[in-house]
Number of protein chains: 4
Amino acid sequence: MSFSNDKAIYLQMADRIADRILNGELLADQRIPSVREYAVSLGVNANTAVKAYDSLAQDGIIYNRRGLGYFVAENAADRIRQSRRKAFFHDALPEVFRQMRLLDISITEVDKHWADYSAATEQQTNNDKL
Amino acid sequence: MSFSNDKAIYLQMADRIADRILNGELLADQRIPSVREYAVSLGVNANTAVKAYDSLAQDGIIYNRRGLGYFVAENAADRIRQSRRKAFFHDALPEVFRQMRLLDISITEVDKHWADYSAATEQQTNNDKL
Amino acid sequence: MSFSNDKAIYLQMADRIADRILNGELLADQRIPSVREYAVSLGVNANTAVKAYDSLAQDGIIYNRRGLGYFVAENAADRIRQSRRKAFFHDALPEVFRQMRLLDISITEVDKHWADYSAATEQQTNNDKL
Amino acid sequence: MSFSNDKAIYLQMADRIADRILNGELLADQRIPSVREYAVSLGVNANTAVKAYDSLAQDGIIYNRRGLGYFVAENAADRIRQSRRKAFFHDALPEVFRQMRLLDISITEVDKHWADYSAATEQQTNNDKL
DNA sequence: GTGGTCTAGACCACC
DNA sequence: GTGGTCTAGACCACA
């Protein structure tokens, strides 16, 4: 699991944390890995991990307890969900629709891909459970 | 018509040219604005326009005729469509689906937004015709 | 027969004239095509053809008789041969040798290609005679 | 070590890097000088060095690690060798042969020059070792 | 420290 | 007129 080139690494790191909060892997008031741990686990400079946690803290998604580390905020999942939904419907979807127009891609084609995706992830989820 | 902050200006300029090729405004072997024209028309430094055309030329979307200017390549529209479709189905759509999963957004909700978007742009197109 | 992009068109035009002098197609004191003829025959701006003839005249390879056109100079072939040989042994060959070193290409391999080339052009020459 | 006039400086800079990769001075995943270092070491503006690295990156010969600098790509040497060999046998050699024909230069004469060149560079290599 | 972008202005060869 | 290159200097985000 590596990083994309077209987005700041620290933002990608923050996104991954947020993802894990969203899908329930990390619960409210649960401690998340220390800056150092997280940095080495991803082969990244410590300053970069600091910046990632900083940005999450700034958004009220995690909070710091001095000497103990960072913890998931009470309403973290809700905050993330809210801001992501806004980004999704405000930015991502309109751009996707614009491309569909330009590229002559029908909504039914997208629906079909969604079905495929759903089936695949469903499968994946089941495998994970075993 | 100005520029977004989260992408290099020269890339946005290139994208606009590509968009105009895709939707048929610019046809194969048609001359596109000179570097300087395009630069001043967008209130940008000439070097920035140079970089935009450079990137398009590198992708085989436009070509240069010495002393005459840049022209749309024969298969430009196809090239663009192909690379964009790949990006769409390979990158954009999977990410959209991933967000839908994380955010509990159903495909029917997306379909509805598409209907709204279609109606709106339909309207727009009709207005343009008047 | 079109033009390469990495050399000025007028120089390529001049080279073609020189080639035809070298291989005996154009003889001393023979008239060469008018600037206009040459320009339209190659689909090129007249000024460009003017520049090509200018550069040849500057090198003493052709001369102008007012109202009559351009003619091949007396010692044109010799001049061309001399300057080309210098360029060949001074510039082209050393660079070729340098690339051979870097690319691990042996002289015997080049010899083989020469044999192929000779056979092919021999054939070509015979066909031309028929 | 300065620059030739008949080729863009940034391309000559790129060529030098490529040469050093070809002859093994720069190995895969090795860091190359920073843009600014390379620029000042050659007495050139930083933007020119940027352009040189840009062109190498576009060809997949070097890659960027954010904040760290440029590194030699895994298969860089092969890529360079392949594209140069193609240029050599496709473009350079045929042109050399054409000139040999026009100028009545025999292959044995070229072979002799190669022997001289080989002896000279051999000598050079030995000197370098001392 | 790294590269990336952008501006302003200049000079050039070419068509 | 066209694009191509180069310089000088600036600001920025990123690691």
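Lettering of chains follows the sequences in order, A, B, ..., and the numbering in each one begins at 1. Just so it is clear, the model here is predicted, and its values are computed rather than measured. Side chains included, hydrogens not; waters and symmetry mates left out as well; all remaining heavy atoms used.
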Check the distance between [N]'s [atom2] and [X]'s [atom1] and give it to me in whole angstrom.
X        : N      : atom1 : atom2 : answer
Arg31(B) : dG3(F) : CZ    : C1'   : 11 Å
Tyr38(B) : dT2(F) : OH    : P     : 16 Å
Leu42(B) : dC6(E) : CG    : P     : 12 Å
Asp6(A)  : dG4(E) : CG    : C1'   : 14 Å
Leu56(D) : dG4(E) : CG    : P     : 12 Å
Arg65(D) : dG4(E) : CZ    : C1'   : 18 Å
Asp54(B) : dG4(F) : CG    : C1'   : 9 Å
Ile32(D) : dT2(E) : CD1   : P     : 12 Å

Notebook entry, point to check: Under a 3.5 Å cut-off on both pairing distances, which runs of 3 or more consecutive Watson-Crick or G-U pairs involve DNA chain E?
Noted result: E:1-14 with F:1-14

Strictly distance-based, threshold 3.5 Å: is any side-chain N or O of [X] a donor or acceptor partner for the main-chain N or O of [Y]?
X        : Y         : answer
Arg66(B) : Ile9(C)   : no
Arg85(C) : Leu103(D) : yes
Gln58(A) : Ser55(A)  : no
Gln12(B) : Ser4(B)   : yes
Asn45(A) : Asn47(A)  : yes

Check: Under 4.0 Å: is that the gap between some side-chain N or O of Ser34(B) and OP1 or OP2 of dG1(F)?
Finding: no

Check: Below 4.0 angstrom from OP1 or OP2 of dG4(E), is there any side-chain N or O of Tyr70(D)?
Finding: yes

Output yes when [X] and [Y] qualify as a salt bridge under the 4.0 Å nitrogen-oxygen rule, no when they do not.
X        : Y        : result
Arg84(A) : Asp19(A) : yes
Asp78(C) : Arg81(C) : yes
Asp91(A) : Lys86(A) : no

Item checked: Per-nucleotide protein contact string for nucleotides 7-15 of chain E (B base, S sugar-phosphate only, - none; heavy atom under 4.0 Å) -> BBB----SS

Notebook entry, point to check: Taking atom types as modelled and ignoring hydrogens, do the side chains of Asp29(B) and Tyr63(B) form a donor-acceptor contact shorter than 3.5 angstrom?
Noted result: yes

